[in-house]
Amino acid sequence: AQKVTQAQTEISVVEKEDVTLDCVYETRDTTYYLFWYKQPPSGELVFLIRRNSFDEQNEISGRYSWNFQKSTSSFNFTITASQVVDSAVYFCALRNYGQNFVFGPGTRLSVLP
Amino acid sequence: GAVVSQHPSRVICKSGTSVKIECRSLDFQATTMFWYRQFPKQSLMLMATSNEGSKATYEQGVEKDKFLINHASLTLSTLTVTSAHPEDSSFYICSAKNRDPVNTEAFFGQGTRLTVV
């Protein structure tokens, strides 16, 4: 069975602080993909990143960075110098090859001015 | 990237009526489409998997007679909520998977917010 856990239900930070959103996953498959999506109040899912199970390189994209640790089954997401526009619900998701997404419960991030 | 169009984005309907939601892959063929439901302040949960030309597969606890899924072509799947009730009010979102055996990426529609009054 596949499962994604996001231990932080809600996080509040003040603008310009760094914040890390945790994600731990479970799967028996050796080939899988991990994702992060942002969901603003309007509801649509905004794709942030996809990582396949064979690529453990960390990635940085502007203020966003991701740390994939296969040994601990974690795929954490860090926002550096947070901004008010970063306020949203963030979902970590797992997808096995060709199958549906399994989403974590989400972390609601509030960035206060 | 590939585009999945979902329509309507918002719908309000009266209790007891039926509502149809469309999910179209605009620039690729999708043999498989997934339908998810998201209740307020909750995560997205898979409702059903729709395969072109065959019956949909429903997740446990999802009533197949209430949530009718039709995937008649490689670019269109529809979800019909029949005899909608207020407890069906939710955010419904589809995901379409590319039929390409090499590129099996999946893309999301914009979602449909259903309110049943």
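Chain identifiers are assigned alphabetically (A, B, ...) following the order of the sequence lines, protein sequences preceding nucleic acid strands; residue numbering begins at 1 within each chain.
Contacts of Phe101(A) with chain B are made by both backbone and side-chain atoms, with heavy-atom separations under 4.5 Å. Only the side chain of Ile93(B) comes within less than 4.5 Å of a heavy atom in chain A; its backbone stays farther off. Contact annotation for Ser95(B): only side-chain heavy atoms (C-beta onward) come within less than 4.5 Å of a heavy atom of chain A. Neither the backbone nor the side chain of Thr9(A) comes within contact range of chain B, judged by heavy atoms closer than 4.5 Å. Neither the backbone nor the side chain of Arg10(B) comes within contact range of chain A; no heavy atom of the residue lies under 4.5 Å from a heavy atom of that chain.
If you look at Tyr32(A) and Tyr25(A), their ring centroids are closer than 6.0 Å. The aromatic ring centres of Phe108(B) and Tyr37(A) sit less than 6.0 Å apart.
Not a single donor-acceptor pair under 3.5 Å links the side chain of Asp55(A) to the backbone N or O of Asn52(A).
Counted by atom type alone, Gln39(A) and Gln38(B) present one or more donor-acceptor pairs between their side chains at under 3.5 Å. For the 3.5 Å distance criterion, the side chains of Asn96(A) and Asp29(A) qualify, holding a donor opposite an acceptor.
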